[in-house]
Amino acid sequence: MSLYVYNSLKRKKERFESLKPGKVGMYVCGVTVYDYCHVGHARVMVVFDIVHRWMKQLGYDVDYVRNFTDVDDKIIKRANERGIAIDVLTNEMIAAFYEDIDSLGCLHPTREPRATEHMPEMIAMIEALVEQGRAYVSGSGDVLYAVRTFDDYGKLSGKNIDDLESGSRVDVDKSKRDPLDFVLWKMAKPGEPAWDSPWGAGRPGWHIECSAMSCSHLGDTFDIHGGGMDLKFPHHENEIAQARAANGGGFARYWLHNGFVNINAEKMSKSLGNFFTIREVTEKYHPEVLRMFMLGTHYRSPLDFSDTALDAAKASLDRLYETMKRCRESEVCHSGNIATPQSSYLPSAFTTAMNDDFNTPEALACLFDICRLLNKGLDSDEDVSMLFDQFRAMTGVLGIVQHDTEAWFKSGDVDSEHIEALINERSAAKKSRDFARADAIRDQLSAEGIILEDSPTGTTWKKA
RNA sequence: GGCAGGGUGGCUCAGUGGUACGGCGGAGGAUUGCAAAUCCUUUAUUCGCGAGUUCGAUUCUCGCCCCUGCCUCCA
């Protein structure tokens, strides 16, 4: 059974074959660290975390590189506004970034280069382009890439240069030979961070950063390049033009793009201002709920963000945790003790779904099928340890139901002593068949957001 | 205007040339003192509209309508 991925470059699903046997090189465009990440960023991280995990599951040795853009206009602007040094800002945001993605259960990439650590590679790449006559110094002193020198320009995004220009919404910069030419090296203005270069002190353009970082870590040709759909043009198009021209390599062989997170059917973005940061959302919902919400939709489709959608994600996750809890408490699950998910435990339908371009909604359907079988078996005291192993293998791959069930249902500011006391009082009332008193206690706790569950072995509680 | 991707039950989301997966929600039942949790049953004669190909299309082809995105920084 082999993996098929949708390759944006070819606009179709293709059988995935790595460049080197058993190894995968993957580069994903990271974030520009000037502010907290929003849910849209979270989606990229979760989507490619799934890709990362599944590749590993298939036995690949994955070299996953994801960058930090830590030099950029917006960073300079924000640092100035806050009156702090640029590295203070970027370090603060990188720390926040880790908090956020860790909470979402994303594994760390193997390498996380920062743009500022790769100046020599960027400069070398620009020099190569200048030597080839593909780059030139404009009237303003910036070094620009002449897009018309690259025959395949527009191939990834399915655009041609003439169409782009006729529909262009950008004012034409007179110093450009062609309106679509983009900046490789920017001349420094006073007070801005700058690095020495053959063209004077300045800093790199955004696009060259990714070309240089990906190639320097993964080689001139590597397997996968990923990012949000909005990066396809011009960012990824420009990356291709730079890297393939400068190194003569093939650059990325498979391009994967995830869909957006929308709000009211409109793209969530900084510029529209209709965004929620990850930390805003996780104040109200457990981060794993956010992850679950994302897995419920195929990664290439748009994902509409709303409280109702998160509530539904929470309800479905609760269901899985409920089953996990029952299994943990059940003696008939004792033999299920695999340390790490093993492919042999994964149902073939699940593997098929994941191999079909990481179809997580389908994979979740398999998981819920197992969940139901598990509950059914538990209801009738059957040995469900095999199912339990499957269940954990699947949740392990998806990175959900990874928290302690006690913590899941009881986390937050609750006074458990108070609750336990009331539960004891209610049990006594029940024993003496004082159901009015018992129900009053249950109603009281319910009003406090606590739900009681009676079972033959006693009463347990959880947060609503 | 150019290009890309969509329109599937109350919501959400898969999928397939032979009447449609899962989740959330609703209804009924089992269980429970009553609930909760769990299980069972049920909830789309139908997959934007029209035409074509076909024994047969939601799935293929063409046309149309509508939505979103990209064409500027953006995940």
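On a predicted model such as this, the values are computed, not experimentally measured, just so you know. Proteins get letters first, then strands, A, B, ... in listed order; numbering begins at 1 in each.
- Note: Phe305(A) and Phe276(A) meet the aromatic proximity criterion, with ring centroids under 6.0 Å apart.
- Taking side-chain N and O atoms only, Asn160(A) has no distance below 4.0 Å to OP1 or OP2 of rG2(B).
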Which pairs, protein N/O on one side and nucleotides 38-41 of chain B N/O on the other, fall under 3.5 Å?
| residue | atom | partner | partner atom | Å |
| --- | --- | --- | --- | --- |
| rU38(B) | O3' | Asn375(A) | ND2 | 3.3 |
| rU38(B) | O2' | Arg326(A) | NH1 | 3.3 |
| rU38(B) | O2' | Asp379(A) | OD1 | 3.2 |
| rU38(B) | O2' | Asp379(A) | OD2 | 2.6 |
| rC39(B) | OP1 | Arg319(A) | NH2 | 3.2 |
| rC39(B) | OP1 | Asn375(A) | ND2 | 3.3 |
| rC39(B) | O4' | Asp379(A) | OD2 | 3.1 |
| rC40(B) | OP2 | Arg372(A) | NE | 3.3 |

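- Residue Phe233(A) has its side chain nearest to rC70(B) when only rC24(B), rC70(B), rA36(B) are considered.
- The same atom, P, is picked in rC21(B) and in rU42(B); the two are 12 Å apart, to the nearest Å.
- Cation-pi contact between Lys176(A) and Phe182(A): absent, since separation from the ring centre below 6.0 Å together with deviation from the ring axis within 45° is not met.
- Nucleotides rU8(B) and rG2(B) place their P atoms 26 Å apart, quoted to the nearest Å.
- Leu398(A) places its CG atom 18 Å from the P atom of rC13(B), with the value rounded to the nearest Å.
- Rounded to whole Å, the P atom of rG29(B) lies 13 Å from the corresponding atom of rC34(B).
- Distances were taken from every side-chain heavy atom of Glu453(A) (C-beta onward) to each of rC24(B), rA36(B), rC73(B); the shortest belongs to rA36(B).
- The pair Arg148(A)-Asp181(A) does not count as a salt bridge, with every side-chain nitrogen at least 4.0 angstrom from each carboxylate oxygen.
- A distance of 6.0 Å or more separates the ring centres of Phe293(A) and Tyr285(A).
- Lys410(A) pairs by the side-chain hydrogen bond (donor to acceptor under 3.5 Å, both in side chains) definition with Glu406(A), not counting sequence neighbours.
- For Glu112(A), the salt bridge (Lys or Arg N to Asp or Glu O under 4.0 Å) partners are Arg66(A), not counting sequence neighbours.
- Atom CG in Asn238(A) sits about 14 Å away from atom C1' in rC70(B), given to the nearest Å.
- Remark: P of rC71(B) and NE2 of His235(A) are 13 Å apart, rounded to the nearest angstrom.
- Atom name P, nucleotides rG50(B) and rU12(B): the rounded distance is 23 Å, in whole Å.
- Side-chain proximity of Asn258(A) to rG5(B), rA75(B), rA14(B): nearest is rA75(B).
- In this structure, Ser301(A) does not reach the rU12(B) phosphate: none of its side-chain N or O atoms is under 4.0 Å from OP1 or OP2.
- Taking a 4.0 Å limit (strictly below) on heavy-atom distances, residues 95-116 of chain A does not reach RNA chain B anywhere.
- As rounded to whole Å, 12 Å separates atom P of rG69(B) from atom CD1 of Ile263(A).
- Checking rU72(B), rA36(B), rG22(B) against the side-chain heavy atoms of Pro234(A) singles out rU72(B) as nearest.
- Within 6.0 Å of NZ on Lys376(A) lie no more than 12 heavy atoms contributed by other residues, nucleotides or ligands.
- Judged by a 6.0 Å distance limit and a 45° cone about the ring axis, Lys325(A) is positioned over the six-membered ring of Phe409(A).
- Under the salt bridge (Lys or Arg N to Asp or Glu O under 4.0 Å) criterion, Asp439(A) pairs with Arg442(A), sequence neighbours left out.
- Of the two residues contacting RNA chain B, namely Pro361(A) and Lys74(A), the nearest-nucleotide position lying further toward the 5' end is that of Pro361(A).
- Contact annotation: side chain of Asp454(A) to base of rC34(B), donor-acceptor pair present below 3.5 Å.
- The same atom, C1', is picked in rC3(B) and in rC24(B); the two are 36 Å apart, to the nearest Å.
- Under the salt bridge (Lys or Arg N to Asp or Glu O under 4.0 Å) criterion, Glu420(A) pairs with no residue, sequence neighbours left out.
- Lys159(A) contributes a side-chain N or O that forms a donor-acceptor pair with the base of rC70(B) under 3.5 Å.
- Taking the six-membered ring for Trp, Tyr98(A) and His108(A) have ring centres closer than 6.0 Å.
- The CG-P distance, from Leu231(A) to rC71(B), rounds to 10 Å in whole Å.
- By the side-chain hydrogen bond (donor to acceptor under 3.5 Å, both in side chains) test, Ser8(A) is found to be paired with His257(A), residues two or more places apart in sequence or in another chain being considered.
- Figure legend: cation-pi geometry between Arg279(A) and Tyr36(A), with NZ or CZ positioned under 6.0 Å from the six-membered ring centre and within 45° of its axis.
- Separation of the C1' atoms belonging to rC64(B) and rC70(B) is 24 Å when rounded to the nearest angstrom.
- Relative to the six-membered ring of Phe388(A), Arg392(A) meets both conditions, a distance below 6.0 Å and an angle of at most 45° to the axis.
- One C1' atom belongs to rG9(B), the other to rA20(B), and the distance between them is 10 Å to the nearest Å.
- Each of Lys462(A) and His41(A) was assigned the nucleotide of RNA chain B with the nearest heavy atom; the assignment lying further toward the 5' end belongs to Lys462(A).
- In this structure, Glu362(A) places its CD atom 11 Å from P of rC21(B), rounding to the nearest Å.
- For Asp49(A), the salt bridge (Lys or Arg N to Asp or Glu O under 4.0 Å) partners are Arg53(A), Arg291(A), not counting sequence neighbours.
- In this structure, the ring-ring contact (aromatic ring centres under 6.0 Å, His included) partners of His118(A), at least two apart in sequence or on a different chain, are His217(A).
- Between the P atom of rG69(B) and the CD atom of Glu237(A) lies a distance of 21 Å, rounded to the nearest Å.
- The environment of CZ in Arg433(A) is sparse: at most 12 heavy-atom neighbours from other residues, nucleotides or ligands sit within 6.0 Å.
- A salt bridge links Lys186(A) with Asp73(A): the distance from a Lys NZ or Arg NE/NH1/NH2 to an Asp or Glu carboxylate oxygen falls below 4.0 Å.
- In this model, the phosphate group of rA37(B) is not approached by any side-chain N or O of Lys325(A) to a distance below 4.0 Å at OP1 or OP2.
- Side-chain atoms of Glu266(A) lie closest to rG69(B) of the nucleotides rA75(B), rG69(B), rC70(B).
- The side-chain tip of Arg300(A) points at the ring of Tyr6(A) from less than 6.0 angstrom away and within 45° of straight on.
- For residues 425-448 of chain A, proximity to RNA chain B is found at Arg426(A), Lys430(A), Phe435(A), Asp439(A), Arg442(A), defined as any non-hydrogen atom under 4.0 angstrom from a strand atom.
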Encoded 5' to 3' (Watson-Crick or G-U under 3.5 Å; [ ] crossing; | other strand), RNA chain B becomes (((((((..(((.........)))((((((.......))))))....(((((.......))))))))))))....
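- Of the residues in residues 348-357 of chain A, not one comes within less than 4.0 Å of RNA chain B through any heavy atom.
- Atom P of rC11(B) sits at a distance of 26 Å from the matching atom of rA51(B), rounded to the whole Å.
- For the pair Asp311(A) CG and rG23(B) P, the computed distance is 18 Å after rounding to whole Å.
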